[in-house]
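What follows is a short report on a single structure.
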Amino acid sequence: MNKQIHIVSFDVPFPPDYGGVLDVYLRAKGLKNLGYSVILHCYEYGRGRNHDFSEIADEIHYYDRKTGFKSLFSKLPYIVKSRNSHALLNRLMQDQYPVLLEGQHNTFWVNELSRNNRKLAIRMHNIEWHYYRDLATNSKTYSERMYCRVEARKLKKQELQLKKIPVFCISKSDLEYYQNLGFHGVYLPVTINSDLILEPVEAAEGKSFALFHGNLSVSENQEAIHKLIQENKRAPFDLPVIIAGKNPSPVLIKKIEAQGWECIANPNDSELNDLMRSCSLHLLIGFKTSGIKLKVIRALLTGKPCIATKELVGLPTLEKHCEIWDPILPLADKIQQVTAKNQVATNRLEELEAEFGVGKLEAALAEIGF
């Protein structure tokens, strides 16, 4: 008989089109591959409820978030207070299967579950209060800045109330942080599988391009795009750039197109995969160190050259397979050096599998007795 496990997700992981939900999706799929029967619970607020989840779960249940002023002015963080569905608690109490809570977001019912002697673990996708502190720094309006500051304080305070629950940490630096606070921390990077491996193809003649992709509505990626534009003005790149991702603003699209580049808004998974396989190189640019960027791993799994900033890459395992760009030097020079090599990597997969394969997930679960 298969092992049973509940996964409580902060969002619907369909489609798996941004880092947080892709992490959930891949871990659930990894659990299925390990022989678990996965019962998936999702808070849904805009991504829909009509999905084929058979690849990652045996059951799926959806819940509404309780948004509004009542949650906003709670002593608990808004992202926690708004995820307090009694229907979720009632379903979890119907059995004694272990429960994996995805993110600090889903910790509203931990006391009730602990009193029921449930095996619990929390997947920390990052240090959440650090994330909101950084959002406050980059917020454009006073109201956004104040909300993020207050949320960061609440998250930091509530985090300390979770010490009795094991936490799966996405990076070694996060692991050190939680262990220093007295948590039982376990290193669990993202889980890769064969679905992420994209066989490289050559772009059509005259169609060579560099690719930057990500959620274009978030400030971190907007900052990176502005840096790319500045670098292109500093010294023009040898090849055009395609920027692809979710929800770019009209202003951002105009700025991209003014460089003679192409912006592809909201590509579906197939379109993005085709871009990743056929680009001449990946531009993995970012200036904040937090967790592991799944887009770095996805890019490396194409075998195509990757130019990256040190902050975005984070791990030595990933850094050794990237061409690290020092922003003091012109990016155009780095692009010229990389394209001149004209190499497709053939030795990445084995090392990436060892670092991020399903074996790491199995070992992490065993360490906490799941």
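All figures in this text were calculated on a predicted structure; none of them were measured in a lab. Atom set for the values below is all heavy atoms of this structure, side chains included, hydrogens, waters and symmetry mates excluded.
- Using a 4.5 Å heavy-atom cutoff, the side chains of Lys233 and Ile229 are in contact.
- Between Leu100 and Glu102, the closest side-chain pair of non-hydrogen atoms falls below 4.5 Å.
- A salt bridge does not link Asp134 to Arg145: none of the charged nitrogens lies less than 4.0 Å from a carboxylate oxygen.
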Given ring pair (Phe, Tyr, Trp, His ring centres under 6.0 Å), test Phe10 with His125 step by step and report yes or no. CA-CA 11 Å; Phe10 54 90; His125 299 264; 5.3 Å; yes
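- Within the 4.5 Å cutoff, the side chain of Asp11 has no heavy atoms near those of the Cys42 side chain.
- At least one test fails for Lys334 against the ring of Trp325: distance under 6.0 Å to the centre or angle within 45° of the axis.
- In this pair, Tyr63 and His61 present their aromatic rings tilted. The plane angle is within the 30 to 60° band.
- A cation-pi arrangement, defined by a distance under 6.0 Å to the six-membered ring centre and an angle within 45 degrees of its axis, is absent between Lys119 and Tyr97.
- Counting only heavy atoms from C-beta outward, the side chains of Leu40 and Ile56 approach each other to under 4.5 Å.
- Counting only residues at least two apart or in different chains, ring pair (Phe, Tyr, Trp, His ring centres under 6.0 Å) contacts with residues 136-177 comprise His130-Tyr177.
- The existence of a salt bridge linking Glu128 and Lys156 is excluded, since no basic side-chain nitrogen approaches an acidic carboxylate oxygen closer than 4.0 Å.
- Using a cut-off of 4.0 Å between Lys/Arg side-chain N and Asp/Glu carboxylate O, Glu176 and Lys172 are scored as not salt-bridged.
- Look at Arg115 and Glu112 and you find a salt bridge, because one of the NZ, NE, NH1 or NH2 atoms lies within 4.0 Å of a carboxylate O, short of that distance.
- Ion pairing of Arg118 with Asp95 is present here, as a side-chain N (NZ or NE/NH1/NH2) and a carboxylate O approach within less than 4.0 Å.
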Let me see the working for Asp326 and Lys310 under salt bridge (Lys or Arg N to Asp or Glu O under 4.0 Å), right down to the final yes or no. CA-CA 8 Å; Asp326 181 350; Lys310 198 175 184 69; over 6 Å; no
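- Relative orientation of the His6 and His41 rings is tilted, given thresholds of 30° and 60° on the angle between their planes.
- Cation-pi geometry between Arg65 and Tyr45 is met: under 6.0 angstrom from the ring centre, within 45 degrees of the axis.
- By the 4.5 Å heavy-atom criterion applied to side chains, Arg298 and Met276 are counted as neighbours.
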